[in-house]
Amino acid sequence: MFSPSQEEHCAPNKEPIKYGELVVLGYNGCLPNGDRGRRKSRFALYKRPKSNGVRASSVHVISTPQASKDPCAQEEGSRAGSCQACAISPSPEEEAISTRGQHSISYTLSRNQTVVVEYTHDKDTDMFQIGRSTESPIDFVVTDTISGNQNDESQITQSTISRFACRIVCDRNPPYTARIFAAGFDSSKNIFLGEKAAKWKNPDGHMDGLTTNGVLVMHPKGGFTEESKPGVWREISVCGDVYTLRETRSAQQRGKLVENETNVLQDGSLIDLCGATLLWRTADGLFHTPTQKHIEALRQEINAARPQCPVGLNTLAFPSINRKDVVEEKQPWAYLTCGHVHGYHNWGHRSDTEANERECPMCRTVGPYVPLWLGCEAGFYVDAGPPTHAFSPCGHVCSEKSAKYWSQIPLPHGTHAFHAACPFCATQLTGEESCVKLIFQGPID
C-alpha cells in the first residue's frame with residue numbers, strides 16, 4: 001500500500017505558512033470549465049505578508065431617519081434579499097466611519113434607528129472572504145453547485161449563495177486557529193443587516209445577527225479520519241456564535257444558542273452556503289492526506305493488474321486523470337447492485353426496468369450499470385487506501401473508508417432537506433449502502 005511521502009508535502013522554508021484549504025464538494029479536482037483566478041474548486045489559505053484582520057472596537061447608535069433599499073432586488077438574476085438581507089442607505093455617521101476607512105457592521109433596528117459596530121485593525125489575524133461576488137474583497141469566488149458535475153451556469157437562474165457569504169479569520173501565530181463568521185465585508189468595508197434580517201442584542205450588550213439563507217457548519221466527531229462520524233449541523237452568526245438550525249433556512253426566528261460549541265474550524269469541518277458546500281482541511285490534515293501523485297500511482301497499480309471483463313475478456317483500464325470526464329473504450333463499467341466490473345456492452349436490458357438498469361450476466365442481479373470514474377480530488381479521502389468502492393448511482397471510485405464516510409454524511413439540500421451525496425459530483429446517493437465493493441476479475445493467463 002502506498003502512503004503519502006513527507007517529501008511530497010513538505011515545502012521549502014521560504015514558502016508562506018499554510019493555514020489550510022477549502023475544497024468545494026461536487027468537483028473532481030477542478031471546475032468543469034477549468035479553474036480560473038479566484039474561481040476554482042480548491043482554495044489554499046496562506047499567512048499574508050501583512051495582517052488584514054479586524055476586531056470590534058466602538059459601537060454607535062444612530063437615530064437618523066433614512067430610506068431603506070435592497071440592492072439584491074437590483075442585481076440581475078438574484079432573488080431580492082438573497083445576499084445579506086436588505087441593505088440600507090448609509091447615514092451621515094455611517095459615511096463618516098466609511099470615510100475613515102474602517103470596517104463596520106450595521107444592524108438596522110427600525111427605519112430610524114441603526115446600531116453600527118466599528119471594527120479596527122487586528123495585527124494578530126488574517127481574514128479571508130468567500131462569496132458569489134467577483135468584487136475585490138472576495139478571496140474565493142463560489143457559485144452554485146449542480147449535482148452530477150454538469151455545472152452549466154446557464155441553468156442557475158436564481159443563486160441562493162450570498163455575494164458576501166462568510167469570512168474565515170486565522171490566527172497568525174501557532175496553532176494558527178481558523179474561525180468562521182457569517183457574512184463578509186463589501187467593497188465599502190461594510191456589512192449591512194436590514195430590517196428583515198434576524199438580529200438581536202445579546203445579554204452582554206453586543207449586537208449579532210444571521211444572514212438571509214444562513215451559513216451552516218458541521219464538525220465531524222473524531223476529526224477527519226477513517227473512524228470519524230458525522231456531527232450535528234449548526235448555524236454560525238455574524239459574530240461567530242453557534243446556534244441550532246432555524247425551522248427553515250431563511251426563517252426570521254433564530255435557533256437556540258449552543259454555548260459549549262465554537263466557530264473554530266477543525267480538519268473535516270463542512271461549511272454550507274445554501275448552494276455550495278465547502279470542506280475545510282487543515283495543514284496538518286493535508287499532511288496525512290493522499291496526494292495527486294499517490295492517487296495516480298494507485299490508478300497505475302490497478303491498470304497494471306490488467307483487470308478483465310469477465311464476459312468479453314478484454315482488458316480494462318481507468319483513463320488518465322487528465323481524461324477523467326471522457327468515456328474511453330477500455331473504461332471499466334460496473335453493476336452497482338452487485339459490484340461486478342465489466343467492459344461496456346449493450347446487452348442485459350430488462351423491459352420491466354428503467355433504461356439505465358441491466359441484469360448482471362455473472363449473478364443475474366438487476367441494477368444500475370454505469371462507467372466507473374476514479375475520484376481524483378485528494379482532499380475528499382480520509383485514508384490512503386486503494387480505490388475499491390464505488391458510489392451509487394454515479395460510479396465515482398475511492399477507498400472503502402472514504403466511501404463509507406461520505407455515505408453517512410447528511411449534506412444540506414435546498415432550504416430544509418438533507419441527504420448524502422458523492423463528494424466528487426454532488427449526486428444524491430441511492431441504494432441501501434450508497435456505495436458498493438467492486439469485484440474485479442484478473443487476467444486468465
Side-chain angles (χ1 to χ4, degrees), residues 19-20 22 43 45 48 51-57 59 83-85 87 102-107 115-133 135 137-142 161-172 176-194 197-202 204 206-219 233-246 249 254-255 257-259 261-266 269-274 276-280 282:
Y19 296 128
L22 289 168
F43 175 66
L45 285 68
R48 297 185 185 275
S51 66
N52 71 333
V54 294
R55 55 182 172 82
S57 57
V59 179
C83 291
Q84 297 180 41
Q102 298 292 100
H103 288 77
S104 66
I105 301 180
S106 298
Y107 301 88
V115 175
V116 179
V117 180
E118 192 171 356
Y119 281 65
T120 187
H121 178 245
D122 182 1
K123 64 180 178 60
D124 295 320
T125 62
D126 287 335
M127 180 172 65
F128 303 87
Q129 301 207 139
I130 300 102
R132 179 169 50 87
S133 173
E135 294 180 28
I138 295 298
D139 298 286
F140 186 27
V141 179
V142 178
I161 301 175
S162 170
R163 290 178 300 168
F164 304 93
C166 68
R167 58 198 193 277
I168 292 176
V169 177
C170 302
D171 290 345
R172 291 174 61 85
Y176 308 112
T177 302
R179 296 176 175 84
I180 185 168
F181 301 80
F185 295 97
D186 61 19
S187 296
S188 300
K189 299 183 178 180
N190 297 318
I191 293 173
F192 291 106
L193 293 177
K199 73 190 81 63
W200 59 91
K201 180 181 287 188
N202 283 304
D204 62 3
H206 83 267
M207 294 295 299
D208 204 350
L210 304 173
T211 54
T212 301
N213 289 326
V215 174
L216 309 187
V217 171
M218 190 273 281
H219 306 298
W233 282 97
R234 304 295 195 194
E235 179 162 11
I236 303 298
S237 71
V238 172
C239 293
D241 285 337
V242 181
Y243 289 84
T244 59
L245 301 187
R246 290 178 266 183
R249 197 70 188 245
R254 72 178 186 271
L257 178 67
V258 185
E259 297 185 7
E261 296 183 19
T262 71
N263 62 336
V264 174
L265 296 175
Q266 64 186 54
S269 291
L270 289 169
I271 305 165
D272 188 79
L273 305 179
C274 194
T277 305
L278 315 178
L279 171 68
W280 170 255
T282 62

Next item on the list: Measure across R234 and L245 and return the closest heavy-atom pair with its distance rounded to 0.1 Å.
Entry: C-CD2, 3.6 Å
Notebook entry, point to check: Can you tell me how far CZ of R167 sits from CD1 of I236, rounded to the nearest 0.5 angstrom?
Noted result: 11.5 Å
Notebook entry, point to check: Does the N263 side chain pair with the main chain of R179, one donor and one acceptor, at a distance under 3.5 Å?
Noted result: no
Note to self: H206: which residues meet the side-chain hydrogen bond (donor to acceptor under 3.5 Å, both in side chains) condition with it, sequence neighbours left out?
What the structure shows: N202, D204
Next item on the list: Search all heavy atoms of L193 against all heavy atoms of G209 and return the closest pair with its distance.
Entry: CD1-CA, 4.0 Å
Checklist line | For the student: nearest non-hydrogen atoms of S133 and V141, plus distance | finding: O-CG2, 3.5 Å
Next item on the list: Keeping the roles fixed (side chain from R48, backbone from R172), state whether a donor-acceptor pair exists under 3.5 Å.
Entry: no
Notebook entry, point to check: Out of curiosity, C170 SG to Y176 OH, how far, rounded to the nearest 0.5 Å?
Noted result: 11.5 Å
Check: When you measure from the side chain of S188 to the backbone N and O of N190, does any donor-acceptor pair fall under 3.5 Å?
Finding: no
Checklist line | Salt-bridge criterion met for D241 and R254 (N-O under 4.0 Å) | finding: no
Notebook entry, point to check: Going from CG on D139 to CD1 on I168, what distance comes out if it is rounded to the nearest 0.5 angstrom?
Noted result: 10.0 Å
Check: What is the ring orientation for F43 with F140, classed by angle as parallel under 30°, tilted 30 to 60°, or perpendicular over 60°?
Finding: parallel
Check: Is there a side-chain contact between Y119 and K189 (heavy atoms, below 4.5 Å)?
Finding: no
Next item on the list: Specify the closest pair of heavy atoms between N213 and R246, including all atoms of both residues, with the distance to one decimal.
Entry: C-NH2, 4.0 Å
Check: Can Y107 and K201 be said to form a side chain to side chain contact (heavy atoms under 4.5 Å, CB included), step by step?
Finding: CA-CA 10 Å; Y107 301 88; K201 180 181 287 188; over 6 Å; no
Check: Only one of L270, D272, I180, I130 clears side-chain contact (heavy atoms from CB on, under 4.5 Å) with L278; which?
Finding: I130
Note to self: Would the distance check show the side chain of R132 and the main-chain N or O of I161 forming a donor-acceptor pair, the cut-off being under 3.5 Å?
What the structure shows: yes
Next item on the list: Please report the shortest heavy-atom distance between T282 and Q266, naming the atom on each side.
Entry: CG2-C, 4.1 Å
Next item on the list: Answer whether the closest heavy-atom distance between the side chains of I105 and K199 falls below 4.5 Å.
Entry: no
Checklist line | Closest contact, heavy atoms only, L210 versus S237 | finding: CD2-CA, 3.8 Å
Notebook entry, point to check: So, do W280 and F128 have ring centers that fall under 6.0 Å from each other?
Noted result: no
Next item on the list: Measure the CZ-SG distance between F181 and C166 for me, rounded to the nearest 0.5 Å.
Entry: 11.0 Å
Next item on the list: Check whether any side-chain heavy atom of I271 sits under 4.5 Å from a side-chain heavy atom of L265, and report yes or no.
Entry: yes
Notebook entry, point to check: NE2/H103 to CZ/R55 distance, rounded to the nearest 0.5 angstrom?
Noted result: 13.5 Å
Note to self: Could you measure the distance from the CG atom of L22 to the OG1 atom of T277? Nearest 0.5 Å is fine.
What the structure shows: 12.0 Å
Check: Are the side chain of H121 and the backbone N or O of S51 linked by a donor-acceptor pair below 3.5 Å?
Finding: yes
Item checked: Intermediate values then yes/no, side chain to side chain contact (heavy atoms under 4.5 Å, CB included), D122 and V169 -> CA-CA 10 Å; D122 182 1; V169 177; 5.9 Å; no
